[in-house]
2 protein chains.
Amino acid sequence: MGYAFWVDETAGAIADPVRREILVMLRSGPMSAGEIAGRFAISRPAVSRHLRVLRESGLVRAELAGRRRLYTLDPGPFAELAGWLAQFARPSGWEHRLDALETEVHRTRRERRRPGGAADGGKESTA
Amino acid sequence: MGYAFWVDETAGAIADPVRREILVMLRSGPMSAGEIAGRFAISRPAVSRHLRVLRESGLVRAELAGRRRLYTLDPGPFAELAGWLAQFARPSGWEHRLDALETEVHRTRRERRRPGGAADGGKESTA
DNA sequence: AGAAAGCGTAACCCAACGGTTACGCATTAC
DNA sequence: GTAATGCGTAACCGTTGGGTTACGCTTTCT
């Protein structure tokens with residue numbers, strides 16, 4: 001058990017400036033794909049693929065609204081990654097402050113598995 | 001001001017399984033380069049370069065000890081990234097819990113700038 | 001001094017990634 | 001029904017990234 005491959009997914013998704021900017025945009029509410037793409041200088045298909053990465057990593061959820069596609073933030077993975085990071089950054093007695101976060105982590109873990117449902121693998125445990 | 005490009009550095013560094021495993025190793029105390037490399041199946045130069053990335057991202061500090069090189073964790077960047085993530089994962093009134101973290105962030109920000117000292121740029125603000 | 005140990009760097013190769021244009025499919029508008 | 005809009009995918013291309021082997025420099029051992 002412990003933290004596993006989804007940290008990779010999440011960290012990988014966040015490790016791109018465009019994708020991070022998209023996430024920041026979505027903080028102020030759901031947006032359509034075109035609306036998002038409109039705010040970037042790069043081509044729309046490029047943004048579309050960034051959105052795909054964000055979807056597959058679970059950071060974002062897409063909801064079909066007519067011929068448009070509304071994107072919304074999913075806080076789960078953020079909390080998971082933050083939880084993983086907390087192992088390293090504990091200025092002074094941090095761990096007990098992360099209880100609520102842990103709860104969030106376990107609550108959303110199962111729901112977030114990608115359709116295909118690749119197995120966990122078990123490697124990269126925290127201990 | 002606000003979060004900026006060092007999120008990129010940190011996230012990029014963390015977005016690799018080998019590097020994350022190195023970080024986990026170092027949680028239990030400082031280790032030499034060879035000692036770290038010895039625990040991986042990949043070649044030692046490969047590990048050496050991963051260590052370089054970790055060094056440049058500030059997640060790790062190297063201290064020369066004779067002909068060996070001791071690596072130690074630096075909690076600063078972890079806290080920074082966690083702080084950035086906190087904007088998104090706020091199950092319920094999280095922000096005030098991150099004050100101590102914010103302090104840590106500002107305390108270590110300046111010390112961590114890479115020797116070359118590339119300018120901040122100002123983009124990718126949190127607002 | 002000479003040999004060995006410990007690390008990092010350089011040069012090289014292939015896979016992955018992010019960008020582009022062309023295209024296809026569904027949904028709304030006329 | 002036909003045109004236009006919205007969005008995703010496919011095919012392609014240059015760049016980046018992580019792996020390898022070969023090499024060089026410094027520090028310890030004998």
Side-chain angles (χ1 to χ4, degrees), chain A residues 5 7-23 25-26 30-72 114-116 118 123-124, chain B residues 5 7-26 29-72 114-116 118 123-124:
Chain A
F5 84 118
V7 176
D8 196 283
E9 297 255 5
T10 310
I14 288 177
D16 180 276
V18 173
R19 287 196 288 265
R20 280 199 306 275
E21 206 167 333
I22 292 175
L23 294 173
M25 286 179 190
L26 291 177
M31 288 176 68
S32 72
E35 198 176 351
I36 294 169
R39 303 203 185 179
F40 288 95
I42 63 179
S43 70
R44 199 185 48 68
V47 174
S48 188
R49 271 201 337 203
H50 280 302
L51 289 171
R52 193 159 108 87
V53 173
L54 291 172
R55 249 183 289 134
E56 292 179 344
S57 69
L59 290 162
V60 158
R61 251 176 223 301
E63 183 191 357
L64 283 79
R67 66 180 157 182
R68 308 194 318 157
R69 205 152 296 199
L70 271 298
Y71 283 91
T72 327
R114 254 219 303 293
K123 262 197 51 172
E124 195 177 343
Chain B
F5 85 117
V7 176
D8 196 284
E9 297 253 4
T10 310
I14 289 179
D16 179 277
V18 173
R19 288 196 287 266
R20 280 198 307 274
E21 205 166 333
I22 292 176
L23 294 173
V24 169
M25 285 179 190
L26 291 177
M31 288 176 67
S32 72
E35 198 176 352
I36 294 169
R39 303 202 185 180
F40 288 95
I42 63 179
S43 71
R44 199 185 49 67
V47 174
S48 188
R49 271 204 333 206
H50 280 302
L51 289 171
R52 193 160 111 85
V53 173
L54 290 173
R55 247 184 291 135
E56 291 180 344
S57 69
L59 289 163
V60 159
R61 252 176 221 302
E63 183 192 356
L64 283 79
R67 66 179 158 181
R68 308 194 319 157
R69 205 151 296 199
L70 270 298
Y71 284 90
T72 326
R114 255 222 299 294
K123 262 198 50 172
E124 195 178 343

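Labels below follow one simple rule: chain letters A, B, ... track the order of the sequence lines, proteins then strands, and each chain is numbered from 1.
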Asks: Among the nucleotides D/dG8, D/dG18, C/dC7, which one has an atom lying closest to any side-chain atom of A/R55?
Replies: D/dG8

Asks: When you measure from the side chain of B/S48 to the backbone N and O of B/R44, does any donor-acceptor pair fall under 3.5 Å?
Replies: no

Asks: So does B/R49 reach the base of D/dG19 with its side chain, donor to acceptor, closer than 3.5 Å?
Replies: yes

Asks: For B/L51 and A/V18, find the nucleotide of DNA chain C closest to each by heavy atoms; which residue's nucleotide sits nearer the 5' end?
Replies: B/L51

Asks: Any base atoms under 4.0 Å from A/Y71, or only sugar-phosphate, or nothing? Heavy atoms, all strands.
Replies: sugar-phosphate

Asks: Using whole Å, report how far CG of B/L70 lies from P of C/dC7.
Replies: 9 Å

Asks: Kindly indicate whether the side chain of B/M25, heavy atoms from C-beta on, has any atom under 4.5 Å from the side chain of B/M31.
Replies: yes

Asks: Classify the nucleic acid contact of A/R52 as base, sugar-phosphate or nothing, counting any heavy atom under 4.0 Å across all strands shown.
Replies: sugar-phosphate

Asks: I'd like to know if the side chain of A/R20 reaches the main chain of A/I14, judged simply by a donor and an acceptor atom lying under 3.5 Å from each other, with no hydrogens or angles considered.
Replies: yes

Asks: Please pick, from D/dT9, C/dG8, C/dG6, the nucleotide with the shortest atom-to-atom distance to any side-chain atom of A/S48.
Replies: D/dT9

Asks: Would you say C/dG6 has OP1 or OP2 under 4.0 Å from some side-chain N or O of B/S32?
Replies: no

Asks: Quick one: the side chain of A/R67 and the base of D/dT5, do they pair up donor-acceptor inside 3.5 Å?
Replies: yes

Asks: State which of C/dG8, C/dG18, D/dT20 makes the closest approach to the side chain of A/H50.
Replies: C/dG18

Asks: Once you round it to whole Å, what is the distance between P of C/dT27 and CD of A/E63?
Replies: 15 Å

Asks: Looking at C/dG6, does its base get a donor-acceptor pair with the side chain of B/R44 below 3.5 Å?
Replies: no

Asks: Need one value for A/A33: base, sugar-phosphate or nothing, where a base atom within 4.0 Å counts as base even if backbone is also close, heavy atoms only.
Replies: sugar-phosphate

Asks: What verdict does the side chain to side chain contact (heavy atoms under 4.5 Å, CB included) test give for A/L26 and A/L54, after you've listed the backbone C-alpha separation in whole Å, the side-chain angles of each residue and the deciding distance to 0.1 Å?
Replies: CA-CA 12 Å; A/L26 291 177; A/L54 291 172; 5.8 Å; no

